[in-house]
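Scroll down for the structure; my scribbles are underneath it.
Both ligands and their constituent atoms are indexed starting at 1 by order of listing. Note that the structure is a prediction, hence the values are computed from the model and not measured. As a basis for the values below, the full set of heavy atoms in this structure was taken, side chains included, without hydrogen atoms, waters or symmetry mates.
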Amino acid sequence: MREFTIAAIPGDGIGSEVIEAGLQVLQTVAARDGGFKLRIETFPWGTDYYLEHGKMMADDALDTLKRFDAIYFGSAGDPRVPDHISLWGLRLAICQPLDQYANVRPARLLPGIQGPLRDVGADDLDWVIVRENSEGEYAGVGGRVHTGLPEEVGMDVAVFTRSGVERIQRFAMDLARSRPRKKLTLVTKSNAQRHGLVFWDDVFEVIRKDYPDVETDKMLVDAMTTRMVLDPRSLDTIVATNLHADVLSDLAAALTGSLGIAPTANLRPERDWPSMFEPIHGSAFDIMGQGIANPIGSFWSAVMMLDHLGEPSAASALMTAIEHVTAHGNVLPRDLGGNAPTVQVTEEVIAALEGRNA
Ligand code: IPM
Ligand code: MG
């Protein structure tokens, strides 16, 4: 029997609620499949840990995580600690050193979900956003000097390297090629950011010669927001920098009904180190502890994890169960227009997996 080790890091806010739900669903999928087992270990890292130990994770966290096949992550962020501390101390402290450079964010209208766009149905909105996840605007390069003085300076430098740009664009090309429409849109802001993003354009010109079967086009990020809203059918796979894709993926999530369903994979395509899977929604402190968080983003992230682990039939069984529940529409969380608490949505997906609510 195949066995996979999963490091679960619920983190902050609703992270623990949605990861607990996700682990339950994952164990059901594994039991139903019968071909593999999941060995799960949960780590208490996050803001509570920080308030006790002065750091978001244990000192040997990375060495520990490297021994796992995958990481299942909840969220980082808590009002008791500034956001940049929790982000850099936990999530980025994992993705960057493990060089999970390809952040993959599917966005599509699930069956039964009415998004905010009139006359746009499931066939009209089916995208994958590929976010560069190791450098760019999140490189962490910059500084502040003359603090508090009138001359104070604050600087964040976006860093783009040829190897970094090339590998993410090739990754996006390969992904676009694997999808039925074989279309890739490059998003930049190379009219204004005339160094780093003209560099993105130049690299793209070279790379695309290796992919004659992939149809490509280019958009500036501001115009891209309009196109996503007004002409969603024209898009398929999208590649952009760390920050631009961060912004576009929130818009994409809203256009597919709710931030609560959107999944992410932080991939290390070389597979020498683990990849990390997490819902996009973040810690959502306003609804924490109420048991009403939408677990679908966490479930869909688990689908991506199963795919990455090489269990496509288990992945598709879970996706089908999620879609069964959204299509049915009688057990939906609040952000999707229902009133079902997290446990009930979870139970419904498990029932669908077990064929009990067909
Ligand atoms: C995301 C989130 C994070 C990011 C936040 C929580 C810092 O918005 O995963 O999209 O910007 O990367
Ligand atoms: Mg974001």
Side-chain angles (χ1 to χ4, degrees), residues 9-19 22 45-47 50 56-57 71-107 127-142 156-160 164 168 187 189 221 224-225 228 238-268 275-288 293-294 296-298 300-302 304-305 335:
I9 308 175
D12 298 331
I14 59 169
S16 53
E17 298 165 54
V18 299
I19 291 301
W45 301 327
T47 297
Y50 177 83
M56 300 289 292
M57 306 192 288
I71 304 166
Y72 192 38
F73 187 84
S75 80
D78 185 303
R80 292 170 296 171
V81 169
D83 282 343
H84 64 275
I85 302 222
S86 45
L87 176 65
W88 283 95
L90 190 59
R91 186 168 166 280
L92 292 179
I94 298 172
C95 314
Q96 293 201 348
L98 296 185
D99 204 21
Q100 296 163 342
Y101 61 85
N103 185 276
V104 179
R105 304 189 152 187
W127 306 329
V128 184
I129 298 178
V130 177
R131 169 180 180 183
E132 200 296 313
N133 211 33
S134 67
E135 53 176 30
E137 307 87 344
Y138 284 59
V141 174
D156 281 285
V157 181
V159 175
F160 299 103
I168 196 65
V187 176
K189 185 69 187 171
V221 66
M224 183 66 172
T225 59
M228 286 167 71
I238 296 157
V239 63
T241 69
N242 214 329
L243 180 62
H244 290 170
D246 174 40
V247 176
L248 295 180
S249 57
D250 269 25
L251 174 59
L255 295 178
T256 54
S258 169
L259 197 57
I261 61 170
T264 294
N266 298 281
L267 295 183
R268 169 74 184 159
S275 295
M276 179 160 83
F277 302 83
E278 56 170 336
I280 288 188
H281 52 61
S283 53
F285 251 77
D286 50 330
I287 58 162
M288 170 193 169
N294 182 351
I296 293 180
S298 167
W300 195 345
S301 303
M304 299 183 83
M305 182 161 84
D335 54 315

Mind listing the protein N/O/S atoms less than 2.8 Å away from the Mg ion (ligand 2)? Waters don't count.
D246 OD1
Hey, could you give me the CE/OH distance between M56 and Y50, rounded to the nearest 0.5 Å?
8.0 Å
Sub-4.5 Å side-chain heavy-atom contact between L98 and M276:
no
Consider side-chain hydrogen bond (donor to acceptor under 3.5 Å, both in side chains). Of E278, Q96, Q100, R131, which one does N266 pass it with?
E278
Going by atom types only, do T241 and Y138 share a side-chain donor-acceptor pair under 3.5 Å?
no
Answer whether the closest heavy-atom distance between the side chains of N242 and N133 falls below 4.5 Å.
yes
Sub-4.0 Å heavy-atom environment of ligand 1, residues by chain
L87, R91, R105, R131, Y138, D246
Can you tell me how far apart CD1 (I287) and CG (N294) are? Round to the nearest 0.5 Å.
8.5 Å
Out of curiosity, E132 CD to I168 CD1, how far, rounded to the nearest 0.5 Å?
5.5 Å
State, without any angle test, whether R105 and T264 hold a side-chain donor-acceptor pair at a distance under 3.5 Å.
yes
Taking the side chain as everything from C-beta on, heavy atoms only, tell me whether S75 gets closer than 4.5 Å to P279.
no
